[in-house]
Amino acid sequence: MRLLTHNMLSSNIKGVTNGFPLRIEVEKVVEKQVEINHDFLMNIFPKIDWKAFFDASRVMGYVELPEEAPEPSVLESDLEFLRKFHHALLELHLEEGALVCPETGRKFPVNKGIPNMLLHEDEV
Amino acid sequence: MSSRPELQAPPEIFYDDTEARKYTSSSRIAEIQTKLSERALELLALPDDGVPRLLLDIGCGSGLSGETITENGHQWIGLDISHSMLNVALEKEVEGDLLLGDMGQGLGLRPGVIDGAISISAVQWLCNADKSSHEPRLRLKCLARGARAVLQVYPENLAQRELILSYAMRAGFAGGVVVDFPHSTKSRKEYLVLTCGPPSLSTAIPNGKGEDGESCSDDESSGEEENRTVCISDRHRPRKKQKINKRGKGREWVLRKKEQMRRKGNVVPPDTKYTARKRKARF
């Protein structure tokens, strides 16, 4: 699971008011090279919740991202930042671990890169 | 035809390892799914600006439809309830991220982050809810404003189609059903096209394929083939009573038949001066 997906995921357990973001528990991280696409990055940038993204990247072991989200105009000029953004968003994969609901503490296990988001009967 | 899969078992049980492998290794199924996915992507009407979008594949299964999305240059997140099917997707090393989840339990995504959603042959499973503890609803809050969801469905009957559509309308979606080749039982395909937000010119639904006649909705897919109309079922067309020509089947009959086949969506050689020409006695 990439951080792109993690940034979109939210816990929808019954009764939870804010299930975003899910805390990451890392057991295994894998890096996979992906071709960079500027258009995609510029399009997705406004949708990313930067704080969640920054925290998640730290947990995954990547420390190159700035804590403050830069202005969108920076994306067009700063290639170095774009490369770091791309790397953290699309090239870091959580292979094994868990995602934790911020309110209930319920763990969603991640195996082979696939988070198991199936809710139990009483959580729906 | 054997009983519909939805009536045999819930999807996470029906699609076990054997079935998952069968489904993916069948080249016929793969071809059909690819065609359905391409049509669904077409109906999503994403802007033609070369910018890759983030799409959702609801009921992605073994990633057949996801691969089509990748080929069209977009990123995607896939959701499926079957462990076995997702394992096959892993083996195929699909580009999209996979989630193991139940589409009826809520997609678990933040509102407004997805640029479009497709679902190929999956939503009808919701209509046979096996979990009595909840009423399955497909919640699409994650769609951005103006984004579309295109759900290709195989409704069991008219009632099921009405049910799916009415839930969508009640949830506040604009949209409708696009039917390709409505008169052919074999080629007929239905797509539920939903848009977030109030209906406007941009949410007008494109026309279905394969029927002559007038269209009444806005045609925003310009430059497409001729003869496209939107058409929901038309089973009660009055049959014409033909006078049987005892002198055999002439050129007119042949041309008429070919036109009929074309309307059904079959591949028919073009009509030329050689069509229905009298052959040598040897033939």
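Throughout, a chain's letter reflects where its sequence line sits, starting with A, and its residues are numbered from 1.
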Subject >> Which portion of A:Leu22 sits near chain B, non-hydrogen atoms under 4.5 angstrom >> reply: neither
**OP:** Examine whether an atom of A:Asn37 lies under 4.5 Å from a heavy atom of chain B, and if so say whether it belongs to the side chain, the backbone or both; otherwise answer neither.
**Re:** side chain
Subject >> Residue pairs, two or more places apart or on separate chains, that pass salt bridge (Lys or Arg N to Asp or Glu O under 4.0 Å) and touch residues 43-58 of chain A >> reply: A:Lys47-B:Asp115, A:Lys51-A:Asp55
Original post:
B:Asp80 side chain to B:Leu86 main-chain N or O, any donor-acceptor pair under 3.5 Å?
Top reply: no
Subject >> Interface residue of largest heavy-atom contact number with chain B, from A:Lys32, A:Met8, A:Met117, under 4.5 Å >> reply: A:Met8
Original post:
For residues 50-92 of chain B, which residue pairs qualify under ring pair (Phe, Tyr, Trp, His ring centres under 6.0 Å), counting only residues two or more places apart or in two chains?
Top reply: none
Original post:
Of the backbone (N, CA, C, O) and the side chain (C-beta and beyond), which part of B:Leu99 lies under 4.5 Å from a heavy atom of chain A, both, or neither?
Top reply: both
Original post:
Parallel, tilted or perpendicular: which fits the ring planes of A:Trp50 and A:Phe85, with parallel below 30° and perpendicular above 60°?
Top reply: tilted
Original post:
Is A:Arg83 salt-bridged to A:Glu80, going by a charged N under 4.0 Å from an acidic O?
Top reply: yes
Original post:
Are any side-chain N or O atoms of B:Arg110 and backbone N or O atoms of A:Asn7, one a donor and one an acceptor, separated by less than 3.5 Å?
Top reply: yes
**OP:** Check whether A:Leu41 gets within reach of chain B through its side chain, its backbone, both or neither, counting any heavy atom under 4.5 Å.
**Re:** neither
Subject >> Heavy-atom contact with chain A under 4.5 Å, split by part of B:Leu79 >> reply: neither
Original post:
Could B:Glu42 and B:Arg39 be called an ion pair, given the rule that one side-chain N must be under 4.0 Å from one carboxylate O?
Top reply: yes
**OP:** Please look at A:Thr5 and chain B and tell me whether the side chain, the backbone, both or neither of the residue comes under 4.5 angstrom of a heavy atom of that chain.
**Re:** both
Original post:
Pick from B:Asn87, B:Asp49, B:Ile114, B:Leu90: which one has the most heavy-atom pairs with chain A under 4.5 Å?
Top reply: B:Leu90
Original post:
Which of the residues A:Asn43, A:Ile114, A:Ile13 is involved in the greatest number of heavy-atom pairs with chain B at under 4.5 angstrom?
Top reply: A:Ile114
